[in-house]
Amino acid sequence: MSSAAEEASLSMNLTNIVQSFRYWPRVFRLLWQIHKPYFLFILFFNILRGVSPVISLLLLTTLIDSIGASWDTGFQTVLWPFIWLFAFTALNEALSLVQNYVSKIFETLLSNRITILIMEKSISLSLSDFENSQVQDALKRAQNEAGHRPYQILQQILSIISATITLFSIAAVLISWKWWAAFLLIFFPLTSFYSFLKIGQQEFMIQWNRAPKMRTTWYLSVLLTRDISFKEIKVFQLGGYLLGKYNELLLQFLAEDKRMIKKRLGAGAIFQAAQEGVNASMFLMVLWSAFKREISIGQVVSYTQAITLTLVSSQNLTQGILSLCQHNLFLQQLFTFLDLQSSDPSARKIDASEASRPANAPAIQSVEFRNVSFRYPGNSYPALRNVSFTLRRGETLAIVGRNGSGKSTLMKLLTQLYDSFEGDILINGVSIRDMDCEVFRRKVGVVFQDFVHYEMQVKQNIGFGNVAKMEEDAELWKAADRAGIASLIQSMPEGLATQLGRLFDEGHQLSGGQWQRVAIARAFMREAELYVLDEPSSMLDPETELQVFQAFRELVRDRLGIFISHRYSAIRYADHILMMDQGSVVEQGNHQQLMQLNGMYAELYMMQANAYLDADQERKARSAV
């Protein structure tokens, strides 16, 4: 949907206002599921709050009129109305205290549930969904409102119910005096409805259009406050520039907010002045009636209170409806995100429940790419062009090529992070599109080029490769030993329980190469049938690199192994090598075959080998001096 179309769909016209209420059943189902007793109590208290003003007013009127009667009958005539009024007020206050407690707990439960729903939806999205800026904007809008908006809607609905009950019960008191006065007080605040409706629409659109800039402020905040970017910001002296950009956006937000506050203040002042005029006129009429002895002193109190309560209730009802319309549009953004159709294969499987998945799916015997082409969303040029190869159990495949040649894209397609490719990927001769994505992923161990540094304990950093065995220390140590970091972990203060990173207390920071070996251990923990390592040695020294690849070859002896590397010394022992360039496979074979071909592979291999030889000769020359 285009930006103009989206704005039109969010316009606060009557049709869209009515349509925005279609989410109410989902909201009430959600509220009911959060905590039934709390929800029922909140409903009961708000109904009571609606009738309590008229009950209090009638009890006060009775008390005042009883004073005159007590001059002839005695003080007990005043005592009972006083007791009833005091008892009802005390009960109301006690229930209010309980309601405040219940409401705060309920609001927290609701906020937690909405946040979890948003996270669950995020998990279900595909990588292409997550890289879509419009999806990110929708996520940001949903997150902005998740903590408070649904509960505000509940409060607004309850406020409208209470105001309606109060309005018509109090109006009944005025109708017994002058029916037209009640009519005027009820409907006068409605004259402000349209003006505040337009202001509410403008406020909503400001917030809606602000989502991309809010993501920018979030990113700038991350850059300025996280250790991942601290070194560059410090050395390149970027702090002032980034902080200036952050402050510039905040000033833009402030200017927009001030403009809307002024509009609302101006409109509010005009209608408030008119309302005070109506209120004063009604008061004068009551006083005139009392002066002419048409009503009693108790009725003076009753009618003046009723005038104020009727006008305030009508105003609250009008503002409540306006706020509810605006809340509904914000709520629409939450459910728009939650209703997004995920393009992830696992989300589209009809038979995707954990119970329905087979416990022992057939082992992976072969992987075949058959004329696979792929284009990243929004890109005009293909990342892959008619790629074909076959890998069988017990074999290792190395993929090499210059940056941007499509190596990592192959791995993303194999792990079904993207699904919109042409051609086919076959697992045991079956199209990957026809397989249960989650079952397949359980059989794959991966080290991505941009692997994650989990700021958690060593146990989690390795154990995330196989959560079911994360508490089995023997399995953790086996994976660590294969990755060559067992001695490193043993030297740490708490061993497997050592906190990694600097984000939390007592964190132990690792070097880039050490983090990479932790990621490799995580993949080895998987005990997978297919291992995919994308640049697993980019941060490793040659000695460690050799150890890792020896462990890798041993690990995949009866499995399938794929790795991507720019270091040709590490891939020469692979059973099969793909040489890629500009998204296509330009050469393939084993090391000897490709060297005999004397093409791109041989050229790049010799270039790298000569660089090592030159460095070795230079080192020997220096040592001889």
Side-chain angles (χ1 to χ4, degrees), residues 219 222-239 242 398-404 407-408 411-412 445-465 476-477 479-526 531-552 555 561-571 608 611-612 615:
Y219 179 64
V222 169
L223 288 178
L224 289 166
T225 58
R226 293 291 304 276
D227 60 345
I228 56 175
S229 52
F230 182 83
K231 296 187 292 293
E232 283 205 10
I233 288 175
K234 199 73 173 177
V235 173
F236 290 129
Q237 300 172 312
L238 300 176
L242 295 176
I399 305 175
V400 296
R402 297 183 175 92
N403 291 335
K407 304 184 300 296
S408 296
M411 301 305 97
K412 292 174 182 176
V446 184
V447 177
F448 289 107
Q449 189 173 2
D450 52 348
F451 59 88
V452 178
H453 298 191
Y454 293 101
E455 303 258 348
M456 299 179 179
Q457 293 181 4
V458 175
K459 174 178 288 189
Q460 282 102 12
N461 266 277
I462 298 177
F464 281 169
L476 296 171
W477 283 112
D481 186 58
R482 284 173 171 171
I485 55 171
S487 59
L488 172 67
I489 297 172
Q490 289 169 348
S491 67
M492 290 180 180
E494 303 294 332
L496 291 172
T498 302
Q499 174 73 30
L500 298 184
R502 294 296 189 189
L503 190 59
F504 301 104
D505 289 342
E506 299 180 1
H508 186 87
Q509 188 59 282
L510 302 180
S511 68
Q514 290 170 334
W515 273 115
Q516 190 164 40
R517 280 188 284 168
V518 169
I520 293 170
R522 186 158 58 243
F524 288 172
M525 180 73 182
R526 193 73 165 175
Y531 284 95
V532 181
L533 279 60
D534 189 353
E535 294 289 354
S537 60
S538 59
M539 300 181 185
L540 304 183
D541 58 77
E543 182 181 357
T544 304
E545 178 189 39
L546 180 60
Q547 294 172 358
V548 168
F549 276 106
Q550 285 175 343
F552 179 71
L555 182 66
I562 301 175
F563 60 93
I564 299 169
S565 181
H566 280 101
R567 296 192 185 178
Y568 289 77
S569 59
I571 63 173
Q608 196 170 101
Y612 280 120

Test Phe464 against every option in Met525, Lys459, Arg526, Met456 by the side chain to side chain contact (heavy atoms under 4.5 Å, CB included) rule and name the one that passes.
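Running side chain to side chain contact (heavy atoms under 4.5 Å, CB included) over Met525, Lys459, Arg526, Met456 with Phe464 returns exactly one hit, Met456.
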
Give the C-alpha distance, both sets of side-chain angles, the deciding distance and a yes or no for side chain to side chain contact (heavy atoms under 4.5 Å, CB included) between Val400 and Ile564.
CA-CA 6 Å; Val400 296; Ile564 299 169; over 6 Å; no

If every non-hydrogen atom of [X] is compared with every non-hydrogen atom of [Y], which pair is closest and at what distance?
X      : Y      : value
Gln457 : Leu496 : CB-O, 3.9 Å
Arg402 : Lys407 : O-NZ, 3.1 Å
Thr498 : Gly495 : OG1-O, 2.8 Å
Ile489 : Ala480 : CD1-CB, 3.7 Å
Arg517 : Ile485 : CB-CG2, 3.3 Å
Val447 : Ile520 : CG2-CA, 3.7 Å

Short question: side chain of [X], backbone of [Y] - any donor-acceptor pair under 3.5 Å?
X      : Y      : value
Arg482 : Ala521 : no
Gln516 : Glu535 : yes
Asn461 : Tyr454 : yes

Is the shortest heavy-atom distance from the side chain of Trp477 to the side chain of Gln490 under 4.5 Å?
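Yes, side chains in contact.
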
Compare all side-chain heavy atoms of Leu555 with those of Tyr531 and state whether any distance is below 4.5 angstrom.
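Yes, side chains in contact.
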
If I take atom CZ from residue Arg522 and atom CD from residue Gln460, how far apart are they, to the nearest 0.5 angstrom?
11.5 Å

With rounding to the nearest 0.5 Å, note down the distance linking CG in Asp481 to OG in Ser487.
9.0 Å

Give the intermediate values and the outcome of side chain to side chain contact (heavy atoms under 4.5 Å, CB included) for residues Val458 and Glu494.
CA-CA 9 Å; Val458 175; Glu494 303 294 332; over 6 Å; no

Should the pair His453 and Trp515 be assigned to parallel (<30°), tilted (30 to 60°) or perpendicular (>60°) ring geometry?
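Plane angle under 30°, so parallel.
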
